[in-house]
Amino acid sequence: MRKNRGNSSSLFAGLARVLSPRGSFAMAKVSGALPFALRAALTMALPTLPLVLLGHPQLAFFPALGAFTITFERSLPMSRRRRLWMLALVGATMTVAVGLGSLLAVWAGPSGPWFQGVAAVAGMAAVAGLAKFGCDYAGLRGLGAVLILLSFAVTAEGTPGLADVLPHTALAALGAAVAWLVCLPNSLQPQRLQRLALSDALNAFARALDAAGPAEIAKARHQAVAAALRAYHALNESGGGEPDQSARPVYSADFVWSLLTDDTRRSTEDAEVARRLREQARVLADRRWHTLLPLPEELLDGSPHARSGDAVTPAEGAAATLPPLPPRTDAPRPLDRRTRVQTKRGGPGRRRAAALLPTAVRTAVGTAVAGGLALFLGVGHSYWAAISAAAVLHSVNVWSTVQRSVQRTIGTAVGLLITSAVLVMHPSSLAIICLIIVFEFLLEYVVARNYGLGVVFLTPLALLLSELSSPVSAERLLHDRVVGSVIGISVGLVCALLLVHGRAAERLRDALAASVHAADRAQRALSGTPGQRRFAQVQLAAASVELYEAKEAARGELRPSRVDPATVTAAQHRAYDLLGRLSHAMLRGEGQPRQNIRPPSHPDA
């Protein structure tokens, strides 16, 4: 009896934990949102506006789907080669989704709307699960799999002829190609990517210095380590750059990692240090610089106070330079491709794939149930229910599913009000495409800050695209979206609560073991060669990032992980301490003084 009572109390405690909507309205700090949003709007405009001006507004829908490829750029790695390859793969995936959806509609359409609906729901479930798994495995955040599902779903429920499949797919490929070309200038400038990666890392450390409270400090420190790891891989990409300049980016990454010291005191100078880090981040991110800049000397010396006349900004002219770094000796070689992939993924690929599989299955099941229920109830545009379910299930655990449900509910409600105000004016096709471009800009500008804000603009964007491709009455369009959203969000929540799994706990145990192993290797490497310290540092950073993400994923699931939180916290403390000691060892080995910039204290949980 006591055991049953304990199980019941544990279940209710788990429900209270995961059903809490805390954090749903939190605003994340994002750098570079404005230029990215401008590129996204340009990508949407280039392939769609000409078609509307030529009198083919119904065809503009397909390149718009391909243009959504640029949304993935935000989460792409800073490595030039992987960036271009992954963006091309995403564009091909979006194009294939449009082609497969059109082929399915051509095959199932003659058998009647009911058979076509059933086939579309089955296809959407498969696409949603595969897209969720692929995006999680590749580390593609944000809207991710939802856009791939959208490209498939809206074409699978259409009425194309066989002769239309190839033109529609080609138009989607055109939109994806435009997105790839818009991203190409940044990707062809490795030093630009290096500066952006280093700028992101400095901003992340500045946020860590400003953080207050255990949870905020833990999140900020995790983001700082992840940003430092991305900066390292971008700064050490081989190919391009002269040999005598190859030491600078490596040393800059050393400086970034050196902020991860295990100093438990808070310093009154933290605010000033954070301000100087943000100043340097702005300089590094400015497009008017054409070379990679080293960090200011006063920061390398550990003093947060600027000397008179040493502040450098782009406005002072292209001839201005920051104090040069001393030459390096015995610079270690960059990691080979195999090692870079392993350290980025944070562990064996097979175990990681197994940990991601349950959430992909959960997404597929939720998509199928929501789409099937909408089809059974006779709801028009039944794919809205499937997409809404996939959107709330495009998360890492039950708690984040609840967050997305709250955000999507409120965001959809506000977005429908905006759409109603637009449709009541009966805009022309040209006005609709112009509004779509504006909403695409607003979506990409705010979605990284808060998903709910993004849904506010995603809702009218998607509905106007639907109106452009197959016009229907405004009342029917809004009715279908409201009913579909209610069904999809409800089904998504139920699936998240019922499909309980233990993979999150297994992932946490594996990540904890990997962190301990990497820390032991780092401890031995302190007395080793610079190359050994570098290798141990990268592996330990990747292990600490995976440990934090695994801990957060397990904490938000209904089933407890049964891993002692104190053990996880101790492993995180040890990893951060060793990262700082490794960087200081390399800096002292190069004749540089020890850093004395104090980061925030470690969290208790």
Rounded distance (nearest 0.5 Å) linking atom [atom1] of [X] with atom [atom2] of [Y]:
X: Leu512; Y: Glu546; atom1: CG; atom2: CD; value: 11.5 Å
X: Ile148; Y: Phe68; atom1: CD1; atom2: CZ; value: 12.5 Å
X: His573; Y: Asp577; atom1: NE2; atom2: CG; value: 10.5 Å
X: Thr69; Y: Met94; atom1: OG1; atom2: CE; value: 5.0 Å
X: Arg74; Y: Phe36; atom1: CZ; atom2: CZ; value: 4.5 Å
X: Leu547; Y: Arg507; atom1: CG; atom2: CZ; value: 10.0 Å

Does the side chain of [Y] come within less than 4.5 Å of [X]'s, by heavy atoms?
X: His222; Y: Gln572; value: no
X: Tyr576; Y: Val225; value: yes
X: Asp520; Y: Arg574; value: yes
X: Gln407; Y: Asn450; value: yes
X: Arg278; Y: Arg275; value: no

When you measure from the side chain of [X] to the backbone N and O of [Y], does any donor-acceptor pair fall under 3.5 Å?
X: Ser395; Y: Ser400; result: no
X: Arg39; Y: Cys183; result: no
X: Arg581; Y: Leu526; result: no
X: Trp180; Y: Leu84; result: yes
X: Arg404; Y: Ala391; result: yes
X: Gln532; Y: Thr529; result: yes
X: Ser515; Y: Ala511; result: no

Output, in order, the C-alpha distance, side-chain angles, deciding distance and verdict of side-chain contact (heavy atoms from CB on, under 4.5 Å) for Lys219 and Glu552. CA-CA 10 Å; Lys219 183 177 181 179; Glu552 291 300 304; over 6 Å; no

Of all the heavy-atom pairs spanning [X] and [Y], show the shortest one and how long it is.
X: Ala525; Y: Ala536; result: CB-CB, 3.7 Å
X: His394; Y: Val146; result: CB-CG2, 4.3 Å
X: Leu579; Y: Ser544; result: CD1-OG, 4.4 Å
X: Tyr548; Y: Ala218; result: CE1-O, 3.7 Å
X: Gln537; Y: Leu582; result: CA-CD1, 3.7 Å
X: Leu149; Y: Ala128; result: CD2-CB, 4.1 Å

Could you walk me through whether Leu38 and Tyr445 pass the side-chain contact (heavy atoms from CB on, under 4.5 Å) test, one step at a time? CA-CA 9 Å; Leu38 289 172; Tyr445 186 72; over 6 Å; no

side-chain contact (heavy atoms from CB on, under 4.5 Å) evaluation trace for Met86 with Leu140: CA-CA 10 Å; Met86 287 184 66; Leu140 299 175; 3.9 Å; yes

For a quick check under 3.5 Å, do Glu444 and Thr71 share a side-chain donor-acceptor pair by atom type?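 Yes, a side-chain donor-acceptor pair sits under 3.5 Å.
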
Please determine whether side-chain contact (heavy atoms from CB on, under 4.5 Å) holds for the pair Gln539 and His517, giving the CA-CA distance in whole Å, both sets of side-chain angles, and the decisive distance to 0.1 Å. CA-CA 10 Å; Gln539 284 208 325; His517 177 73; 5.7 Å; no

Start with the C-alpha gap between Arg503 and Asp510, add the side-chain angles, then the distance that decides, and say whether salt bridge (Lys or Arg N to Asp or Glu O under 4.0 Å) holds. CA-CA 10 Å; Arg503 288 293 187 180; Asp510 289 342; over 6 Å; no

Under the salt bridge (Lys or Arg N to Asp or Glu O under 4.0 Å) rule, what do Asp136 and Lys132 come out as? Steps first, then yes or no, please. CA-CA 6 Å; Asp136 286 349; Lys132 166 66 175 170; 2.9 Å; yes

Arg449 charged N/C atom sitting above Tyr451 aromatic ring, 6.0 Å / 45°: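 The answer is no; the distance or angle limit is not met.
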
